[in-house]
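Comments concern the structure below.
Ligands are counted one by one from 1 in listed order, and the atoms in each one are counted from 1 as well.
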Amino acid sequence: MRQYRNRLTLIMLTLIGLSMLAAGLAMVTVFKQSHIQLLEDNMVREIRLLQTMMEFPDTDSADALSYYTNRSVQLEELSDARVTFILKDGKVIGDSESDPLTMDNHAYREEMLEAVKEGRGSTIRRSDTLEQDMLYVALPVKAGENFDGFVRLSVSLKEVDQGVKQGWTVMGIGLLVLFLIAALVSYRVAKGLTSPLEKITRVARRISRLEYDARVKIHRKDEIGQLAQAINGMADSLQTQLRTIRDNEDLLQSVLNNMTGGIVMVSGAGQIILVNRAAEKMLGINAEVITGKSYRELKQHYELTKLMEEGLESKEGFHEERNIYYPVESIIRLDGVAMMQEEEQESYRGMLFLLQDVSDIRRLERMRSEFVANVSHELKTPLAAVKGFAETLLGGGVTDEKTSRSFLQIIYDESERLNRLIGDILELSKIESKRIQMDYSPIHLSAFFDTISEMMRTVAEKKRISLELDIPEELFMEGDEDKLRQIFMNLLSNAISYTQEGGRVKLTAREKHSNGNAEDIVEFIVKDSGIGIPKKDLPRIFERFYRVDKARSRGSGGTGLGLSIVKHLVDLHHGTIKVESELGIGSSFIIELPVLQETADTGS
Ligand code: ADP
């Protein structure tokens, strides 16, 4: 832009300089010519004056030569011009500068020829005698019979030249001043023209450097103002478009990141284009590291990469499930979708892989079917007994009253067991489906356990087992009374069932002030001196239908569901349960429950 301004200024200055020079030249020429013309007219007038005023004696007389010579010298003194008297034939008869006798014939001098022809002749010529430019003016002069010839005046043009030179100097200075003014003005004009353009260029450059808030601050009505407005309008629309694009990008990004499903996008060439957060977590990869690399880099998921490879080759969608073992063992459902570009002709862009962790769903499904299998198995045994003994009785083969009574007793016991089993199963499924409502109230623990021990005491006494309670009188806690009762009835009846005659069962409760800001808890321990649980079975005894030894459990009439129900009820109270046991020495079930329940969690 500066270049453009300089060039503009230069062109303007050259034009101004040239035209001024031309004007100067023309002026000087005119000045010189008019000066010479004026001089010439004066000289003509002087000659005419001379013609009328002077006496012209006969040129043939003896002293004519000296007369005219003297006269010419006198006249030169008066007029400052060289005076020459010339006869018609060109012979010089008097001259103010040199001796007429030494002078050659003047008939063919340019001014003489012109004077003969036009009645007045003039010429400018260099005089060899004076070494100056001279103006010669000749006029035919006739004075009666005495003189018939020409009078010629000549003056030096030295003064004219000097005048012209002076004129040149004055004009030169004037021109220079004018030129300087013109230069200043044209620079200003050029600047006025280019500086807004410079501003606009600067803003356009900033916009191209992605500084979309740059604006041109020019408020003019002309073309430059319109250009500035157009640039600002462009910047405005770029800015809004960019904002829209960024918003869309953010939206897309947050959708991708907050999806529970994993997404891996692979180009047709096998390059990973995109990995969202869920996929990162599922596959134990880092999007920043893996993006741009080949999908084969997912080496630790061999099965998945194989599926991806097939998908990329066939360019067709698929749904498959595979196990992965890193970062955690899980079952992943992989959906492959071929990505097609819809503009113009359809073209293949690669594959979009959707990943879903279906481990939980599959585990639940497996548990459900296992549960159904277990339930039917558990129900079959007592049913078979009921059916078998009933058939025998109906067959009429048993006549002995005692035997038939004992058969009926078995049928009664087994149906009782069936009833318990079905009751427990219903209870468990109710708790598991989380439809159960918690009904919290403050519980005075020592009173609460008094009624429980009342109920258990008869069973314990039958086996001569001592039932001991150690509950601080002042202990209160918040809980669902029915569910708490269920927990401790189950634990106490287990303790009594799995303890030999004459053994001991003890229940203690203690408030534990947890250090720090965590809530206070009550710790319950149900301890017996019974048969104990083998180490290998400890982790599993809270599972449904799990029994350490089917034979001994059956004997006690257990269903294998009791501890599993207990565990669920403890969970509902936001507590924990664990077991410590030594074979042949006894078992301890340790339960920790919070003193206060957070009401917000009620019923969840
Ligand atoms: P069950 O109805 O068979 O007692 P539970 O779920 O209550 O079922 O108990 C699961 C298994 O844990 C029982 O079969 C038993 O083998 C073992 N068990 C539970 N409590 C005790 C205990 N206090 N001492 C020894 N074994 C126990």
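Applying the side-chain hydrogen bond (donor to acceptor under 3.5 Å, both in side chains) criterion to D450, with sequence neighbours excluded, gives no partner residue. For K199, there are no salt bridge (charged side-chain N to carboxylate O under 4.0 Å, His left out) partners two or more places apart in sequence or in a different chain.
Checking only distances, L563 does come within under 3.5 Å of ligand 1, N or O to N or O. The shortest N/O to N/O separation between T559 and ligand 1 falls below 3.5 Å. Considering backbone and side-chain atoms alike, N494 places an N or O below 3.5 Å from some N or O of ligand 1. Residue I541 places no N or O, backbone or side chain, under 3.5 Å from any N or O of ligand 1.
Between F542 and ligand 1 there is no heavy-atom distance shorter than 4.0 Å. Under a 4.0 Å heavy-atom criterion, G530 is not in contact with ligand 1.
In this comparison of Y498, F545, Y546, the heavy atom closest to atom 10 (C) of ligand 1 sits on Y546. When the heavy atoms of S529, S588, G560, S587 are ranked by distance to atom 8 (O) of ligand 1, first place goes to G560.
Remark: ligand 1 atoms within the under-4.0 Å shell around heavy atoms of R547 are 3 (O), 14 (O). Within the listing of ligand 1, atoms 25 (C), 26 (N), 27 (C) sit less than 4.0 angstrom from a heavy atom of I533.
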Checklist entry - F488 and F524: ring-ring contact (aromatic ring centres under 6.0 Å, His included), yes or no, with the steps? => result CA-CA 10 Å; F488 291 103; F524 302 91; 4.9 Å; yes
Next on the checklist: Q486 vs D482, test: side chain to side chain donor-acceptor pair (under 3.5 Å). Steps then yes/no.
Outcome noted: CA-CA 6 Å; Q486 220 175 335; D482 286 340; over 6 Å; no
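Here the OG1 atom belonging to T508 is positioned 7.0 Å from the CD atom belonging to E523, to the nearest 0.5 angstrom.
Side-chain contact between T305 and K299 is absent, with no heavy atoms from C-beta onward closer than 4.5 Å. Using a 4.5 Å cut-off on side-chain heavy atoms (C-beta onward), E297 and I285 make no contact. Residues M308 and H301 fail the side-chain proximity criterion, which asks for heavy atoms closer than 4.5 Å.
For V566, no heavy-atom contact with ligand 1 is shorter than 4.0 Å.
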